[in-house]
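Structure record follows, encoded as structure tokens.
Along the sequence shown, residues are numbered consecutively beginning with 1. Source: prediction; values computed, not measured.
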Amino acid sequence: MRKLVVSMFLTLDGVMEAPNEWHDAYFDDEMGAAVSAQMAASDAMLLGRVTYEGFAAAWPSMPDAPGADHMNNTPKYVVSTTLEKAEWNNSTLITGNVPEEVTKLKQQTGKNITIMGSATLIQSLMQDGLIDEYQLLVDPIVVGSGKRLFQDGLDQKALTLVDSTTFGTGVLSLTYQPAGQ
């Protein structure tokens, strides 16, 4: 069975929004290797509509950027109740019963299914018990405001730290799984 893995850049205060405004100072070869390893372990992406639209607008115009081949060519599953079509290469809409459809994806053979961005989708799937792992790259910066990965109002969920590394820039690479998994 495939794992559903959250892969996220975060600030120390838990903000995930607009990493282009705070993350670049911490991205180096060490982090590049970690991100490349995450991509290599994945052969599908699950995205919410907002993240999908942002990625679809940016990645096709950057074919030579690091990671562009993966982003542009990997199958993408887009959860949305408002999109009528998903035109970015290898994109499929999920418009029905999301937990059921995600469970079907996880039952297929293959590598990890990665979720990037998509906080609302992540929170919903977390409540449904469908997320298998959180791979968080926590930058040593506090930005004070912005969308957080874990918003107020979520049910308590215990996690177990299964791996941690500190990069030379002070970034923490933290991998968590649901407790008892």
Side-chain angles (χ1 to χ4, degrees), residues 1-11 14-23 27 31-32 34-63 65-138 146-151 154 157 175-178:
M1 185 190 251
R2 302 165 87 175
K3 289 194 307 187
L4 184 58
V5 177
V6 171
S7 178
M8 194 72 59
F9 298 125
L10 294 175
T11 63
V15 173
M16 58 174 281
E17 184 177 27
N20 57 305
E21 296 177 8
W22 46 263
H23 178 69
F27 198 95
M31 185 178 289
V35 171
S36 292
Q38 289 174 350
M39 286 183 174
S42 170
D43 65 1
M45 288 185 271
L46 182 65
L47 305 168
R49 179 192 54 83
V50 174
T51 300
Y52 171 80
E53 289 179 331
F55 284 0
W59 283 103
S61 66
M62 303 184 302
D69 184 58
H70 179 81
M71 297 299 290
N72 286 318
N73 296 314
T74 297
K76 292 162 275 296
Y77 299 92
V78 185
V79 175
S80 177
T81 58
T82 58
L83 282 179
E84 293 182 15
K85 56 187 171 189
E87 295 180 347
W88 186 20
N89 189 37
N90 291 327
S91 295
T92 302
L93 274 176
I94 295 176
T95 58
N97 183 322
V98 174
E100 183 179 300
E101 293 302 315
V102 169
T103 298
K104 287 179 187 176
L105 287 173
K106 288 177 63 171
Q107 291 171 343
Q108 296 174 356
T109 58
K111 297 179 179 181
N112 294 341
I113 303 164
T114 300
I115 307 175
M116 294 175 276
S118 309
T120 302
L121 176 59
I122 290 169
Q123 292 165 21
S124 174
L125 295 171
M126 185 175 98
Q127 295 297 92
D128 291 329
L130 291 171
I131 297 182
D132 299 297
E133 193 165 277
Y134 300 84
Q135 297 176 351
L136 310 175
L137 294 169
V138 183
K147 183 178 261 187
R148 296 185 187 324
L149 177 57
F150 303 112
Q151 299 290 328
L154 292 175
K157 298 284 184 187
T175 303
Y176 291 94
Q177 293 176 346

Counting only N and O atoms by type, is there a donor-acceptor contact under 3.5 Å from the side chain of [X] to the main-chain atoms of [Y]?
| X | Y | answer |
| --- | --- | --- |
| Ser42 | Asn112 | yes |
| Ser61 | Ala58 | yes |
| Trp22 | Glu17 | yes |
| Ser91 | Trp88 | yes |
| Ser124 | Thr120 | no |
| Lys147 | Met16 | no |

### Task
Only counting residues at least two apart or in another chain, list the ones meeting salt bridge (charged side-chain N to carboxylate O under 4.0 Å, His left out) with Glu84.
none
### Task
Taking salt bridge (charged side-chain N to carboxylate O under 4.0 Å, His left out) as the test, write out the residues that go with Lys157, two or more places apart.
none
Quick check: closest heavy atoms across [X] and [Y], and the distance to 0.1 Å?
| X | Y | result |
| --- | --- | --- |
| Tyr52 | Glu87 | OH-N, 3.2 Å |
| Gly67 | Trp59 | C-CZ3, 4.0 Å |
| Ser7 | Thr114 | CB-CG2, 3.6 Å |
| Met45 | Ile113 | C-CG2, 4.3 Å |
| Ala86 | Val78 | CB-CG2, 4.4 Å |
| Asn89 | Asn72 | ND2-O, 3.0 Å |

Pairwise distance [atom1]([X]) to [atom2]([Y]) - rounded to 0.5 angstrom:
| X | Y | atom1 | atom2 | result |
| --- | --- | --- | --- | --- |
| Ile94 | Leu47 | CD1 | CG | 10.0 Å |
| Ile131 | Tyr176 | CD1 | OH | 15.0 Å |
| His70 | Met39 | NE2 | CE | 5.5 Å |
| Leu125 | Thr103 | CG | OG1 | 9.0 Å |
| Glu133 | Leu4 | CD | CG | 10.5 Å |
| Leu121 | Leu46 | CG | CG | 5.0 Å |

How about [X] and [Y]: do any of their side-chain heavy atoms sit closer than 4.5 Å?
| X | Y | value |
| --- | --- | --- |
| Asp128 | Val102 | no |
| Val35 | Leu137 | yes |
| Val98 | Leu130 | no |
| Val6 | Met126 | no |
| Met116 | Met71 | yes |

### Query
When you check the side-chain N and O atoms of Asn73 and Asn90, is any donor under 3.5 Å from an acceptor?
no
### Option among Arg2, Lys106, Gln177 that satisfies the side-chain contact (heavy atoms from CB on, under 4.5 Å) test with Asp132
Lys106
According to the salt bridge (Lys or Arg N to Asp or Glu O under 4.0 Å) rule, which pairs have a member within [range], sequence neighbours left out?
| range | value |
| --- | --- |
| residues 90-101 | Glu100-Lys104, Glu101-Lys104 |
| residues 49-63 | Arg49-Glu53 |
| residues 107-124 | none |

#### Entry: With sequence neighbours excluded, residues passing ring pair (Phe, Tyr, Trp, His ring centres under 6.0 Å) with Phe27
His23
